[in-house]
Number of protein chains: 4
Amino acid sequence: MAGSVNKVILVGNLGRDPEIRTLNNGEKVANLSLATSEQWRDKSTGERKEKTEWHRVVVFNDNIVKVVENYLKKGSTIYVEGSLQTRKWTDQQGVEKYSTEIVIQRFNGQLTMLGGRDGGGSSGGGPRDDDYSSGFSTGGANKPSGPRESYDLNDDIPF
Amino acid sequence: MAGSVNKVILVGNLGRDPEIRTLNNGEKVANLSLATSEQWRDKSTGERKEKTEWHRVVVFNDNIVKVVENYLKKGSTIYVEGSLQTRKWTDQQGVEKYSTEIVIQRFNGQLTMLGGRDGGGSSGGGPRDDDYSSGFSTGGANKPSGPRESYDLNDDIPF
Amino acid sequence: MAGSVNKVILVGNLGRDPEIRTLNNGEKVANLSLATSEQWRDKSTGERKEKTEWHRVVVFNDNIVKVVENYLKKGSTIYVEGSLQTRKWTDQQGVEKYSTEIVIQRFNGQLTMLGGRDGGGSSGGGPRDDDYSSGFSTGGANKPSGPRESYDLNDDIPF
Amino acid sequence: MAGSVNKVILVGNLGRDPEIRTLNNGEKVANLSLATSEQWRDKSTGERKEKTEWHRVVVFNDNIVKVVENYLKKGSTIYVEGSLQTRKWTDQQGVEKYSTEIVIQRFNGQLTMLGGRDGGGSSGGGPRDDDYSSGFSTGGANKPSGPRESYDLNDDIPF
DNA sequence: TTTT
DNA sequence: TTTT
């Protein structure tokens with residue numbers, strides 16, 4: 001196909017602490033649940049309205065996973081840049097399901113902390129409030145091998 | 001919630017002709033099936049790979065719906081800007097399903113034709129190949145009258 | 001020209017309080033000085049580096065100008081979306097100069113407050129910390145009534 | 001400073017053939033002159049108007065420079081993603097000047113060919129019309145060392 | 001289902 | 001200086 005572009009840009013808050021999983025090959029993957037919301041005033045009734053959208057963000061980029069592990073938690077405000085990917089999976093009843101995620105691959109995407117609420121988590125320790133910005137960076141010896149061919153997230157329960 | 005951002009930017013091709021539906025209130029809505037794809041060379045095997053992602057784009061913006069109706073068809077290359085929205089629905093077996101779409105609302109989003117293949121469809125009629133660019137427009141009879149033609153900022157001292 | 005796209009997305013902090021000017025026709029224009037910065041570690045010396053970029057943002061969109069007037073000040077963190085525009089002007093010595101700005105027109109662009117430092121300004125009054133998000137709005141008295149609700153065509157006269 | 005974002009997204013056409021320069025260290029840099037334009041109809045007079053904006057794009061990313069060298073020419077339509085940078089320089093009369101450019105650094109940015117007119121240039125040779133998409137890719141053992149500092153050429157073979 |  |  002001629003050149004194409006697949007880019008998602010979100011600024012929002014984490015609805016819960018990130019989940020970090022370790023793949024069979026030792027690599028870590030972070031899953032974020034990110035909320036964005038719109039407010040508006042209903043013209044007819046005049047009342048304030050708000051609609052929240054929840055996004056599933058999956059991070060494969062090593063350096064960004066480290067940032068997620070060390071700095072993010074429920075309530076964190078972040079800027080995220082990734083690409084859309086729809087995954088097909090089969091639930092325990094054998095029903096086919098689809099889950100659309102914002103994916104930050106090894107060699108693209110960005111995640112920037114923007115501060116935000118101090119979280120309500122009980123966790124007290126750990127680094128925090130140190131602003132940290134991480135691009136696609138990564139490096140390491142591995143080249144981009146393309147769009148992460150197979151990885152087992154099939155037992156995830158999409159949001 | 002603090003200000004948030006929910007933005008998707010895609011450049012790709014239509015997999016089929018757009019579908020236009022008319023709502024009860026007379027408004028039209030356009031549905032697009034847009035493909036983006038990535039190519040890469042497998043590091044180990046050296047072979048070329050390609051992965052295509054399909055996106056559901058839903059257009060509520062009137063002016064953009066008109067562009068879709070009049071100019072787009074299977075194979076068209078477009079730039080699209082909208083926001084992510086996940087819809088819950090129940091299929092005929094009563095199973096809950098989720099569908100994530102790129103939505104171009106009445107007052108946001110953008111769609112720009114970028115040309116692309118002349119389509120392979122047998123359909124011959126209708127306007128075509130006329131490049132046309134439509135922003136969020138505004139709807140109705142009034143369009144933005146353009147990029148702020150003249151204004152005196154000349155005595156500003158740029159940074 | 002075939003469809004084109006001209007879009008800038010910035011997240012950064014205001015270097016000083018916004019400047020609001022009133023044009024001859026009574027419209028207001030806001031000027032912002034926005035900083036973005038990059039940090040990295042020098043590979044050879046190992047020392048931390050930082051480079052700050054300053055952006056001139058000009059807001060013509062009425063609703064966004066109101067937000068700027070009422071909520072922004074030195075130190076505010078904002079998300080801004082606009083388009084690039086280079087202006088030619090002549091300084092007092094008669095030398096031609098160029099200034100490139102990020103412009104938020106009446107019918108496009110976005111500005112979202114993201115909180116940030118409480119500013120260092122001595123000014124104490126004025127609204128603050130009330131998170132506020134403003135899209136391209138529409139100008140005039142009518143705002144977009146939100147995501148996919150009913151709405152009336154607006155009878156705004158765009159500039 | 002807290003995390004910041006500095007991103008420019010353009011779709012437009014090259015006004016002339018790219019210029020490739022070789023730095024002292026042997027690295028190549030590409031300069032592009034990219035046009036974006038807006039059309040609208042003047043409300044009062046009813047006449048069609050068009051305003052073209054010219055952007056200076058500077059490419060440091062090796063792989064993208066190769067694409068530019070091999071595939072782009074006057075008239076090419078491209079998608080470009082980079083960051084804003086304002087450079088200060090002194091002209092031959094000793095006058096300080098500023099130039100704002102869209103920079104594609106070694107480890108970020110994107111350039112995607114979107115086809116476009118076949119160019120009118122007299123140049124006949126060279127690859128052409130082969131759509132080619134290049135991300136920041138690279139990787140290798142070298143990490144991003146920041147904005148435009150010293151770095152090593154990587155010997156990756158782009159896909 | 002597109003495109004190369 | 002491009003493009004329509």
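Each chain gets a letter, A, B and so on, in the order the sequences are listed, and its residues count up from 1.
For D:Gln92, there are no side chain to side chain contact (heavy atoms under 4.5 Å, CB included) partners at least two apart in sequence or on another chain. For B:Glu47, there are no salt bridge (charged side-chain N to carboxylate O under 4.0 Å, His left out) partners, not counting sequence neighbours.
The distance from atom NE2 of D:His55 to atom P of F:dT1 is 17 Å, rounded to the nearest whole Å. As a whole-Å value, the separation of D:Glu38 CD from F:dT4 P is 18 Å. Atom-to-atom, CD of B:Gln39 to C1' of E:dT2 comes out at 12 Å; the value is rounded to the nearest Å. The interatomic distance linking D:Glu53 (CD) with F:dT2 (C1') rounds to 13 Å, in whole Å. Across the protein-nucleic acid pair, B:Asp17 atom CG and E:dT1 atom C1' stand 11 Å apart, rounded to whole Å. Look at CE on D:Met113: it is 11 Å from C1' on E:dT4, rounded to the nearest Å. The CG atom of D:Leu14 sits 10 Å away from the C1' atom of F:dT1 (whole-angstrom rounding). Atom NZ of D:Lys51 and atom P of F:dT4 are 21 Å apart (whole Å).
Of all nucleotides listed (E:dT2, F:dT1, F:dT2), F:dT1 comes nearest to the side chain of D:Ser33. When each of E:dT1, E:dT4, F:dT2 is scored by its nearest atom to the side-chain atoms of B:Glu50, the top-ranked nucleotide is E:dT4. Checking F:dT1, F:dT2, E:dT2 against the side-chain heavy atoms of D:Ala35 singles out F:dT2 as nearest. Closest to the side chain of B:Arg16, from the set E:dT1, F:dT1, E:dT2, is E:dT1.
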Checklist line | Intermediate values then yes/no, salt bridge (Lys or Arg N to Asp or Glu O under 4.0 Å), D:Lys49 and D:Glu38 | finding: CA-CA 8 Å; D:Lys49 299 241 178 178; D:Glu38 292 184 83; over 6 Å; no

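Put simply, the residue from D:Val58, D:Leu111, D:Ile102 that forms a side-chain contact (heavy atoms from CB on, under 4.5 Å) with D:Leu32 is D:Leu111.
No donor-acceptor contact under 3.5 Å links the side chain of B:Thr36 to the base of E:dT2.
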